[in-house]
Novice: 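Take this structure, written in structure tokens, and hold onto it; I'll ask about it next.
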Amino acid sequence: MYWSKTLIPTLKESPADAEIISHKLLIRAGLVRKLTGGLYTFLPMGLKVLRKVEKIVREEMNRAGAIEVFMPALQPPEIWQKSGRYEAASDVLFKVHDRARKEWVLGPTHEEVVTTLVAGEINSYKQLPKNFYQIQTKFRDEIRPRFGLMRAKEFIMKDAYSFDADDEGANNSYRAMYDAYVRIFRRCGLVALPVEADTGVMGGSFSHEFMVPAETGEDFMVYCEESGYAANLEKAVSGLKPDSTGPDEDRSALPTEEFPTPDVRTIEDLTKAPFDVPASHQIKTLVMMVDSKPAIILLRGDHQLNEAKAGSVLGSTVFRPAEPAEIIDLLGAKPGSLGAVGVSTVPVYADAILEGATGMVTGANRDGFHLRNVNIARDITVTRFADLRNVEEGEPCPQSGLPLKIRRSIEVGHVFKLGTKYSEKLGALFLDANGKQQPCIMGCYGIGVTRTLQAVIEQSNDKNGISWPVSIAPFEVCITALDVGDDNPVFQLARKIHAQLQDKGVDVILDDRDLRPGFKFKDSELVGFPLRIAVGEKGLAKGGVEFKPRDGELEIVDPEQIVDKTLTWLREHNTSLDRSMDQD
RNA sequence: CGGGGAGUAGCUCAGCUUGGUAGAGCGCCAGCUUUGGGAGCUGGAUGUCGCAGGUUCGAAUCCUGUCUCCCCGACCA
């Protein structure tokens with residue numbers, strides 16, 4: 001490819017609407033252009049990277065035994081009603097109407113379609129297991145598209161769905177996908193770590209997310225380097241014990257006592273003089289509404305509610321904080337003076353840390369008053385103790401006991417063991433060896449292909465631009481011709497090397513633009529080609545052409561040697577060809 | 001949806017407070033000079049100042065409404 005023949009609109013300045021580095025570089029390096037919020041056109045360089053990521057994904061999915069299909073993006077709402085997700089996923093569903101005013105949905109994911117397919121085509125255990133995958137555009141009415149390709153209304157996903165006859169088989173399918181994901185991300189030159197994850201609206205029994213550590217990530221992962229424990233904050237647990245709660249001296253025998261706390265509205269207010277109650281000695285009382293029924297959640301004052309965990313205790317992912325009017329109606333006081341002492345008409349769920357806590361302070365359900373010496377076991381009717389809070393940095397690892405760390409991360413892949421939720425609802429049943437009808441045991445597995453592309457940029461860049469891994473670089477090699485006249489020997493040599501590399505199967509671009517050298521060097525670094533071969537008079541005077549890895553040292557190489565040198569270097573630096581991968 | 005910010009040339013922005021009829025840099029076109037780290041000079045093209053309405057002799061500027069984009073929160077690959 002000659003640079004002048006394609007379109008690589010690089011920008012010296014960052015676009016005003018890009019905030020994070022990968023988004024800026026995506027635009028500046030001319031990989032994509034925005035049509036409108038959350039919708040992007042892939043330009044030639046962006047598309048080349050995308051296709052290379054897809055190729056790696058395909059190879060690894062095929063290697064893992066998955067079979068490729070292609071399902072409609074436009075789907076009938078009926079199958080969503082059958083699965084029960086028409087309501088549950090209603091927020092993210094794009095809905096369209098045909099000329100007869102019939103409604104359709106644009107697929108945000110394909111459990112319903114693939115399960116419908118299997119319901120029709122798979123009848124016997126002899127046909128199982130099967131794992132179908134596709135690489136396809138997904139549509140999601142995101143509340144807030146963000147950060148370029150990171151969260152878009154339309155994005156490319158690899159989605160796979162496994163169907164097994166028994167639980168052991170389902171676990172094997174899950175494991176095969178998990179392993180494939182490890183390989184895929186490694187081949188893309190990406191550091192992506194599997195962490196335990198919440199199953200959320202997908203339902204199902206367990207799941208892992210693949211996380212790319214990055215300051216700009218929207219998720220938090222909790223991890224311990226010693227034990228290898230790693231989990232999404234939504235799911236993470238710690239080894240923190242209940243006995244660490246409560247004041248130092250034993251106040252368990254003292255009766256509860258009401259005391260005036262005018263103008264105290266928050267946990268923070270109560271930690272200040274004259275009250276001086278540490279947040280860890282307070283009980284935070286939250287009122288949640290589930291299907292218009294109230295429930296009370298108790299946390300230690302210094303802890304934060306984990307909504308995913310709360311959802312599983314409340315038995316619904318759909319709940320909201322109660323309005324002040326509802327709270328007054330229920331407890332007789334405004335937020336700021338709430339407590340669960342003496343409450344018996346609504347369920348009270350307390351964080352497990354509070355079990356056995358004594359000498360605590362909580363609201364008195366009377367505006368401007370709190371209670372001290374609260375002994376949970378004695379004074380509060382707790383329906384159930386459960387893990388309801390976010391783990392905090394420094395708490396003991398549940399496995400090693402060492403302090404946990406937390407970092408931001410980008411979710412690039414997610415594997416779920418689904419169980420029989422969809423197969424039962426959509427009739428994906430088969431006859432087992434005893435002639436008995438059973439629902440398939442399913443798993444589903446997603447990779448955000450476009451997001452992965454941007455995550456690589458987020459992880460591999462410097463002040464000069466992107467630094468692509470060889471495996472997914474738009475071109476592996478950029479030949480920078482420093483003179484471009486057709487009869488100029490410099491240009492003739494550059495063209496010769498370009499042709500020779502192309503013959504050897506190297507993905508190479510020749511920068512044949514009539515521009516000053518500095519401009520072309522900057523561009524090649526911005527776009528991020530892993531290897532640059534500059535052909536110019538100065539280099540030739542020193543004995544050859546300039547061989548310059550994007551992140552390495554410049555070498556002068558004899559033009560006769562440059563092809564071999566390049567092939568060797570590419571082989572050594574292509575994460576996709578890493579032989580160590582075949583040994584695990 | 002709640003809170004914050006912004007819409008002016010292809011891009012990055014100034015002008016708006018204090019109304020007087022459109023600017024800079026980059027990019028683009030032409031010419032000359034330059035030619036190893038985003039060149040210099042000269043000349044040139046490019047705008048319904050997001051849109052609609054209002055106030056006014058006169059609106060990019062003031063007022064009202066509306067749309068879009070970006071950031072923070074709830075959702076997710």
Side-chain angles (χ1 to χ4, degrees), chain A residues 9-20 23-24 27-28 30 33-39 57 88-93 108-109 135-160 181 192 197-202 207 209-212 216-219 232 234 307-308 311 317-321 410-416 444-455 464-465 480-484 490 513-526 532 534-542 546 548 554:
Chain A
T10 57
L11 260 31
K12 241 186 275 194
E13 284 173 298
S14 288
D17 57 10
E19 194 78 8
I20 68 174
H23 185 193
K24 289 179 182 170
I27 309 291
R28 284 192 57 208
R33 283 294 180 265
K34 181 169 80 174
L35 176 62
T36 180
L39 298 172
V57 169
S90 175
D91 290 347
V92 298
L93 282 180
T109 176
I135 296 175
Q136 197 210 32
T137 301
K138 299 291 189 250
F139 300 87
R140 291 191 186 171
D141 189 0
E142 289 290 342
I143 304 168
R144 181 152 83 91
R146 231 194 297 216
F147 301 148
L149 304 177
M150 284 295 184
R151 179 182 298 281
K153 286 188 166 82
E154 182 184 315
F155 63 98
I156 296 175
M157 179 158 103
K158 185 287 302 173
D159 46 328
Y181 277 31
D198 185 62
T199 50
V201 292
M202 295 297 294
S207 87
E209 287 167 341
F210 286 76
M211 295 293 216
V212 175
T216 52
E218 298 183 79
D219 285 275
N232 189 305
E234 290 180 346
E307 298 197 7
T317 52
V318 188
F319 59 89
R320 61 172 174 85
I410 300 163
E411 180 188 351
V412 289
H414 202 156
V415 292
F416 293 87
C444 73
Y445 318 93
I447 287 179
V449 179
T450 38
R451 182 184 284 180
T452 296
L453 184 160
Q454 191 174 340
N464 294 316
T480 304
L482 298 172
D483 288 290
V484 295
V490 164
R513 296 173 299 168
D514 187 10
L515 293 170
R516 295 160 66 88
F519 198 99
K520 297 168 86 161
F521 290 145
K522 288 284 187 195
D523 257 2
S524 78
E525 282 157 16
L526 175 58
R532 181 174 72 217
V535 185
E537 274 173 20
K538 288 204 179 172
L540 290 171
K542 287 186 215 158
E546 292 161 30
K548 170 74 172 69
L554 187 150

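All values below come from the heavy atoms of this structure, side chains included, with hydrogens, waters and symmetry mates left out. Each chain gets a letter, A, B and so on, in the order its sequence line appears, and its residues count up from 1.
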Novice: Under 4.0 Å, counting only non-hydrogen atoms across every strand here, what does E218(A) touch: a base, just sugar-phosphate, or nothing?
Specialist: base
Novice: For the backbone of D514(A) and the side chain of K520(A), can you confirm whether one donor and one acceptor N or O come within less than 3.5 Å of each other?
Specialist: no
Novice: Does T36(A) reach a base, just sugar-phosphate, or nothing at all? Heavy atoms under 4.0 Å.
Specialist: sugar-phosphate
Novice: Reckon R144(A) has a side-chain N or O less than 4.0 Å from the OP1 or OP2 of C75(B)?
Specialist: no
Novice: Need one value for G37(A): base, sugar-phosphate or nothing, where a base atom within 4.0 Å counts as base even if backbone is also close, heavy atoms only.
Specialist: sugar-phosphate
Novice: Checking contacts here: which listed nucleotide (G38(B), G36(B), U35(B)) is nearest the side-chain heavy atoms of P517(A)?
Specialist: G36(B)
Novice: Roughly how many Å is it from CD in E234(A) to C1' in C75(B), rounded to a whole number?
Specialist: 10 Å
Novice: Rounded to whole angstrom units, what separation is found between the NE2 atom of H414(A) and the P atom of C76(B)?
Specialist: 10 Å
Novice: Determine yes or no for a side-chain-to-main-chain donor-acceptor pair under 3.5 angstrom, with R451(A) supplying the side chain and M150(A) the backbone.
Specialist: yes
Novice: Give a yes/no verdict on base stacking between A77(B) and F155(A): centres under 5.5 Å, planes within less than 30° of parallel.
Specialist: yes
Novice: Given that both distances must come in under 3.5 Å, which nucleotide forms a Watson-Crick or G-U wobble pair with G31(B)?
Specialist: C41(B)
Novice: Does L526(A) reach a base, just sugar-phosphate, or nothing at all? Heavy atoms under 4.0 Å.
Specialist: base
Novice: Take L554(A) and H23(A), find for each the nucleotide of RNA chain B with the closest heavy atom, and name the residue whose nucleotide sits nearer the 5' end.
Specialist: L554(A)
Novice: What is the base-pairing partner of U55(B), counting Watson-Crick and G-U wobble geometry with both distances under 3.5 Å?
Specialist: none
Novice: Between Q454(A) (side chain only) and L149(A) (backbone N and O only), is there a donor and an acceptor less than 3.5 Å apart?
Specialist: yes
Novice: Whole Å only: how far is the CE atom of M150(A) from the P atom of C72(B)?
Specialist: 13 Å
Novice: Using a heavy-atom cut-off of 4.0 Å across all strands, would you classify Y181(A) as base, sugar-phosphate, or nothing?
Specialist: nothing
Novice: Tell me: NZ of K538(A) to P of G36(B), nearest whole Å?
Specialist: 5 Å
Novice: Answer with base, sugar-phosphate or nothing: what part of the nucleic acid does D523(A) contact at a heavy-atom distance below 4.0 Å?
Specialist: base
Novice: May I ask you to say what A192(A) touches in the nucleic acid, namely base, sugar-phosphate or nothing, with a heavy-atom cut-off under 4.0 Å?
Specialist: nothing
Novice: Strictly by Watson-Crick or wobble contacts shorter than 3.5 Å, is anything paired with U21(B), and which nucleotide is it?
Specialist: none
Novice: Partners of Y181(A) by ring-ring contact (aromatic ring centres under 6.0 Å, His included), sequence neighbours excluded?
Specialist: F210(A)
Novice: Does a nitrogen or oxygen in the side chain of R140(A) sit under 4.0 Å from OP1 or OP2 of C76(B)?
Specialist: no
Novice: Report the nucleotide, chosen from C72(B), C70(B), G38(B), that has the shortest atom-to-atom distance to any side-chain atom of F519(A).
Specialist: G38(B)
Novice: Over all strands shown, is K34(A) touching base, sugar-phosphate only, or nothing at heavy-atom distances under 4.0 angstrom?
Specialist: sugar-phosphate
Novice: May I ask you to verify whether the side chain of E537(A) and the base of G36(B) hold a donor-acceptor pair under 3.5 Å?
Specialist: no
Novice: Of the candidate nucleotides G37(B), C75(B), C71(B), which contains the atom at the shortest distance from the side chain of E525(A)?
Specialist: G37(B)
Novice: Considering heavy-atom distances to RNA chain B, does E307(A) or G446(A) have its closest nucleotide positioned more toward the 5' end?
Specialist: E307(A)
Novice: For R513(A), which contact category applies under a 4.0 Å heavy-atom criterion: base, sugar-phosphate, or nothing?
Specialist: nothing
Novice: Under a 4.0 Å N-O cut-off, is there an ion pair linking E19(A) with R146(A)?
Specialist: no
Novice: Just the table, please: protein N/O against nucleotides 45-51 of chain B N/O, every pair under 3.5 Å.
Specialist:
none

Novice: For D141(A) and C1(B), what is the distance between atoms CG and C1' respectively, to the nearest whole Å?
Specialist: 12 Å
Novice: Starting the side chain at C-beta, find the nucleotide from G27(B), C75(B), A77(B) nearest to M157(A).
Specialist: A77(B)
Novice: Under 4.0 angstrom, heavy atoms only, what part of the nucleic acid is D219(A) near: base, sugar-phosphate, or nothing?
Specialist: base
Novice: Test for a donor-acceptor pair under 3.5 Å between the base of C70(B) and the side chain of R146(A), counting only N and O atoms.
Specialist: no
Novice: Looking across every strand, which nucleic acid part, if any, lies under 4.0 Å from I447(A) by heavy atom: base, sugar-phosphate, or nothing?
Specialist: nothing
Novice: Of all the nucleotides listed (A77(B), A39(B), G37(B)), which has the minimum atom distance to the side chain of F521(A)?
Specialist: G37(B)
Novice: Is there a donor-acceptor pair closer than 3.5 Å between any side-chain N or O of R33(A) and the backbone N or O of I27(A)?
Specialist: yes
Novice: Applying a 4.0 Å non-hydrogen cut-off, can you work out what R28(A) is touching in the nucleic acid: base, sugar-phosphate, or nothing?
Specialist: base
Novice: Can you find a pair of side-chain heavy atoms, one from R513(A) and one from D523(A), that are under 4.5 Å apart?
Specialist: yes
Novice: Dump the pairs, protein N or O against N or O of nucleotides 6-16 of chain B, anything under 3.5 Å, distances to one decimal.
Specialist:
from, atom 1, to, atom 2, distance (Å)
U12(B), OP1, A16(A), N, 2.8
U12(B), O4', E13(A), OE1, 3.4
U12(B), O2', E13(A), OE2, 3.4

Novice: Check if the side chain of R151(A) and the base of C76(B) share a donor-acceptor pair of N or O atoms closer than 3.5 Å.
Specialist: yes
Novice: So do C444(A) and H414(A) actually touch side chain to side chain, heavy atoms under 4.5 Å?
Specialist: no
